[in-house]
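In what follows, a single structure is set out as structure tokens and then discussed.
From a predicted model like this one, the values you see are computed outputs, not experimental measurements.
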Amino acid sequence: MRFSAVATACLFALIGAACSPTADLDGTSGRLVRTSDLTLVHITEDSVGGITPATAYGSKSIESALPGFTTEGIQTAVENNTEWALAAFNSDGFQVLQVFKGDNGKIRTVHGVTHHLQGPNGERIGMTFSEVGTARSDCRVGKNLWRGMAICKSRGHQNVQLVYAIPGYQGPFDQLPPSKDLFDAQMQRILWTPKS
């Protein structure tokens with residue numbers, strides 16, 4: 001069974017932590033696993049796995065860049081609207097990435113959506129703001145569908161952003177919350193934009 005239903009059922013997953021595409025069971029106790037030591041894809045400043053700025057947008061080119069992965073069209077939430085993307089699934093059918101098309105037929109951006117990947121500084125989805133060591137000054141407040149989220153630069157990597165959900169935050173939503181409220185914010189996505 002594919003997990004693309006997560007994108008539809010959790011369209012607004014990034015607004016709250018109740019419906020998270022990163023939730024997984026540990027296999028023994030039934031506890032939810034927040035992070036993982038398994039890395040299916042490594043996101044660097046220059047690439048997402050085998051995806052680079054030269055990779056064309058399309059199932060064949062993305063699957064070629066990610067051996068063993070398959071792709072499927074999904075509709076998912078970005079900050080300002082919902083749009084179609086190609087979801088990349090590992091061999092177990094678990095959604096790992098969402099790939100968005102640019103105007104030039106290339107890839108505009110890639111969203112990492114599982115805790116089974118790693119950012120350029122070792123960041124993993126499910127880690128908290130304090131665990132990553134993100135600086136509040138490197139963040140801005142999310143808008144529209146990502147209202148109340150913190151969108152932050154990955155330290156030293158201008159084209160990689162980290163999206164955090166802030167559990168229990170009640171606003172105001174037009175500004176970042178105080179540092180004490182950001183402390184336990186959990187990373188929901190890692191965003192990569194090809195360098196031009």
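- In this structure, T76 and A85 approach most closely via the heavy-atom pair CG2-CB, 4.4 Å.
- Side-chain contact between H157 and N121 is present, with at least one heavy-atom pair separated by less than 4.5 Å.
- Without hydrogens or angle criteria, Q118 side chain to H116 main chain gives no donor-acceptor distance under 3.5 Å.
- Within the 4.5 Å cutoff, the side chain of Q95 has heavy atoms near those of the I74 side chain.
- Distance CD/E63 to OG1/T70: 6.0 Å, rounded to 0.5 Å.
- You'll find the side chain of I190 stays beyond 4.5 Å of the side chain of V48, heavy atoms only.
- Across all their heavy atoms, A150 and I166 have their closest contact at N-CD1, 4.1 Å.
- When the shell of 6.0 Å around CD of Q175 is examined, it contains more than 12 heavy atoms from other residues, nucleotides or ligands.
- Linking Ile, Leu, Val, Met, Phe, Trp and Tyr residues whenever their side-chain heavy atoms come within less than 4.5 Å leaves W192 and F100 in two separate clusters.
- Put simply, the side chain of D92 never gets that close to the backbone of F94: no donor and acceptor are under 3.5 Å apart.
- Of all non-hydrogen atoms in S59 and T71, the two that sit nearest each other are OG-OG1, 2.9 Å.
- Between the NZ atom of K101 and the CH2 atom of W84 there is a distance of 14.0 Å, given to the nearest 0.5 Å.
- Follow the hydrophobic side-chain contacts under 4.5 Å out from M149 and you reach L145 in the same cluster.
- Separating the NZ atom in K153 from the CG atom in L191 is a distance of 14.0 Å, to the nearest 0.5 Å.
- Taking the side chain as every heavy atom from C-beta outward, E79 and I151 approach each other to under 4.5 Å.
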Distance-only donor-acceptor hits, side chain of residues 177-184, under 3.5 Å, sequence neighbours excluded:
none

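- Within the 4.5 Å cutoff, side-chain heavy atoms of E123 are placed close to those of S154.
- At distances below 3.5 Å, not a single donor-acceptor pair connects side-chain atoms of D138 with backbone N or O atoms of C152.
- Using a 30° and 60° split on the angle between ring planes, H111 and W146 fall in the tilted class, from 30° to 60°.
- A side chain to side chain contact (heavy atoms under 4.5 Å, CB included) with M187 is found for one member of L162, T128, V163 and no other, namely L162.
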Worksheet item: Does the pair L117 and L40 meet the rule for a side-chain contact (heavy atoms from CB on, under 4.5 Å), with working shown?
Response: CA-CA 5 Å; L117 53 79; L40 298 174; 5.7 Å; no
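- Contact of the I107 side chain with the I62 side chain is registered, since non-hydrogen atoms from C-beta on lie closer than 4.5 Å.
- Put simply, CG on N80 and NZ on K143 are 5.5 Å apart, with the number rounded to the nearest 0.5 Å.
- A donor-acceptor pair shorter than 3.5 Å can be found between the side chains of T44 and S47.
- The hydrophobic clustering, which links ILVMFWY residues whose side-chain heavy atoms are closer than 4.5 Å, places L66 and Y57 together.
- Rounded to the nearest 0.5 angstrom, I43 CD1 and R124 CZ are separated by 10.5 Å.
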Item to complete: Take T134 and R155 through the test side-chain contact (heavy atoms from CB on, under 4.5 Å) and record every step on the way to the result.
Response: CA-CA 7 Å; T134 303; R155 188 177 63 253; over 6 Å; no
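- Considering only residues two or more places apart in sequence or on other chains, Q161 meets the side-chain hydrogen bond (donor to acceptor under 3.5 Å, both in side chains) condition with none of them.
- When all heavy atoms of A165 and Q188 are compared, the closest pair comes out as CB-CG, 3.7 Å.
- For the pair V41 and I51, the minimum side-chain heavy-atom distance is 4.5 Å or more.
- Within the model, atoms OG of S61 and CG of L86 stand 8.5 Å from one another, a figure rounded to the nearest 0.5 Å.
- Both Y169 and M127 are assigned to one and the same hydrophobic cluster, defined by single-linkage of ILVMFWY side chains at heavy-atom distances under 4.5 Å.
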